[in-house]
Amino acid sequence: MQIRIGPMVAALTLSGAILAACSEGPSVSRASHFRDDYNTARAALENENFAKAAKQYKALIPVAGPLAPRMELEYAHALLRDEQFEAAAGVARQLAATQSDTARAAALAVQGTAEHETALSLMDADPRDPRAVSYLRSASQALGVAIADPAELDPLGALATRKRSIDALLAGFS
């Protein structure tokens, strides 16, 4: 299964901003090592080695200083791409609870996408699985908040389309 979240990826992962902020995150003496590790994680993600990317991002979180929330988002995204949907949703949900504005919306976008994919997996095994309904409701709520503000998080409408699909599935359970 391939997950299509391209526009969100661009909005969530601005490597130049992270690299430029390295001196504000980890100490200057560790900035070069941090940057190298970040580049390794980023390359793994871009080369579709999602398990390696997730492992690298997870290792960066404790040493990222003020960039830790950004690394947590990247970690959640790597888990999502590795089809570890429940883990991705959990990381993103915890991150969303501690963030505001665009950072919260980005975490909610990952959470909602992961929960939707979890529900679809459950429905593959049992189309009337009640757990799927719970995941779908949570996904719809998370994506609703994520796309409400700011608009730049969903410039092509992919998240809005996913939310409509989720809401259609929920209507079928009524």
Side-chain angles (χ1 to χ4, degrees), residues 1-118 120-121 139 142-143 145-147 149-162:
M1 171 188 308
Q2 184 165 5
I3 302 165
R4 305 203 71 211
I5 52 176
M8 183 177 70
V9 174
L12 300 178
T13 56
L14 302 172
S15 62
I18 290 174
L19 295 177
C22 280
S23 64
E24 296 174 15
S27 69
V28 175
S29 64
R30 294 185 310 186
S32 178
H33 181 51
F34 181 86
R35 185 179 310 115
D36 291 345
D37 289 348
Y38 173 79
N39 285 333
T40 299
R42 193 75 216 143
L45 188 66
E46 290 170 0
N47 290 314
E48 299 183 6
N49 189 344
F50 305 126
K52 179 179 180 180
K55 183 179 177 182
Q56 289 288 129
Y57 284 125
K58 185 176 182 180
L60 286 169
I61 294 168
V63 297
L67 295 175
R70 185 57 171 231
M71 294 304 105
E72 289 178 56
L73 181 62
E74 298 280 358
Y75 174 51
H77 178 241
L79 290 170
L80 175 65
R81 297 296 304 271
D82 196 36
E83 298 183 7
Q84 296 183 51
F85 303 127
E86 291 185 74
V91 171
R93 186 179 307 107
Q94 287 180 331
L95 181 60
T98 65
Q99 300 301 301
S100 60
D101 304 324
T102 303
R104 180 171 184 259
L108 289 169
V110 173
Q111 175 190 334
T113 300
E115 289 174 337
H116 181 217
E117 295 295 336
T118 300
L120 293 175
S121 294
L143 291 176
V145 173
I147 61 177
D149 188 47
E152 71 264 10
L153 199 62
D154 192 26
L156 301 177
L159 294 174
T161 299
R162 183 180 286 270

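- Looking only at side-chain heavy atoms (C-beta outward), Leu95 and Val110 stay at 4.5 Å or farther from each other.
- Under the side chain to side chain donor-acceptor pair (under 3.5 Å) criterion, Gln99 pairs with no residue, sequence neighbours left out.
- Using a distance-only test at 3.5 Å, with no hydrogens or angles considered, a donor-acceptor pair links the side chain of Asn47 to the main chain of Ala43.
- Residues Ala146 and Leu153 share a closest heavy-atom pair of O-CD2, 3.6 Å.
- Distance alone, capped at 3.5 Å, is enough to place a donor-acceptor pair between the Asp154 side chain and the Leu159 backbone.
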Evaluate the side chain to side chain contact (heavy atoms under 4.5 Å, CB included) criterion for residues Val91 and Gln111: first the C-alpha distance (whole Å), next the side-chain angles of each, then the deciding distance (0.1 Å), finally the verdict. CA-CA 8 Å; Val91 171; Gln111 175 190 334; over 6 Å; no
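- Salt bridge absent: Lys58 and Glu72 never bring a charged side-chain N and a carboxylate O closer than 4.0 Å.
- A donor-acceptor pair under 3.5 Å links the side-chain atoms of Glu115 to the main chain of Ala139, judged by distance alone.
- Across all their heavy atoms, Ala114 and Ala89 have their closest contact at CB-N, 3.7 Å.
- By the 4.5 Å heavy-atom criterion applied to side chains, Leu120 and Phe85 are not counted as neighbours.
- Glu117 has its side chain out of reach of Glu83: every pair of non-hydrogen atoms, C-beta onward, lies at least 4.5 Å apart.
- Nearest heavy atom pair, residue Pro69 against residue Gly65, reads CD-O, 4.5 Å.
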